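Following: one structure in structure tokens, then a few remarks.
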Amino acid sequence: MKPYILDVWRTFKFYGYRRIAAYSQQTDGPKVSEYMTLKLMRELGIKSRMQKRYRKPKTVVTVDQKPNLIRHLHDLSGVW
């Protein structure tokens, strides 16, 4: 079982124990449960590589913002 899991992990480095177990159920290889996959991966000392999520770049404003003069008024009837 260990060589099979190591081979799948070398092929798909981003697969964790759940995906490796699902992959083993779908292919012609040995059928391995999630718990057994997790146990064998710990014995082999391998982990899945997590992909960093895309983060949208923040906008940078080069022009100063105008002050909000209406916010400090007590009576807004003059604005209307």
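Since this is a predicted model, take the numbers as computed values, not measurements.
Closest approach of Ser24 to Pro30, counting heavy atoms only: CB-O, 3.3 Å. When every heavy atom of Lys31 is checked against every heavy atom of Gln25, the shortest pair comes out as NZ-O, 3.4 Å. A pairwise comparison of heavy atoms in Val61 and Val63 identifies CG1-O, 3.1 Å as the closest pair.
Thr37 and Tyr15 share no side-chain donor-acceptor pair at under 3.5 Å.
More than 12 non-hydrogen atoms from other residues, nucleotides or ligands lie less than 6.0 angstrom from CZ of Phe14. Crowding of Leu73 atom CG: a count of heavy atoms from other residues, nucleotides or ligands under 6.0 Å exceeding 12.
Atom CD of Glu34 and atom CG of Leu38 lie 9.0 Å apart (nearest 0.5 Å). Note that CD1 of Ile46 is 8.5 Å distant from CZ of Arg10, once rounded to the nearest 0.5 Å.
Counting heavy atoms from C-beta on, the side chains of Ile20 and Val32 never come closer than 4.5 Å. Here the side chains of Asp7 and Phe12 are not in contact, with every heavy-atom distance at 4.5 Å or above.
With hydrogens and angles ignored, the 3.5 Å screen pairs a side-chain donor or acceptor of Trp9 with a backbone N or O of Lys47.
For the side chain to side chain contact (heavy atoms under 4.5 Å, CB included) with Lys39, the qualifying choice from Arg42, Glu43, Met41 is Glu43, the only one to do so.
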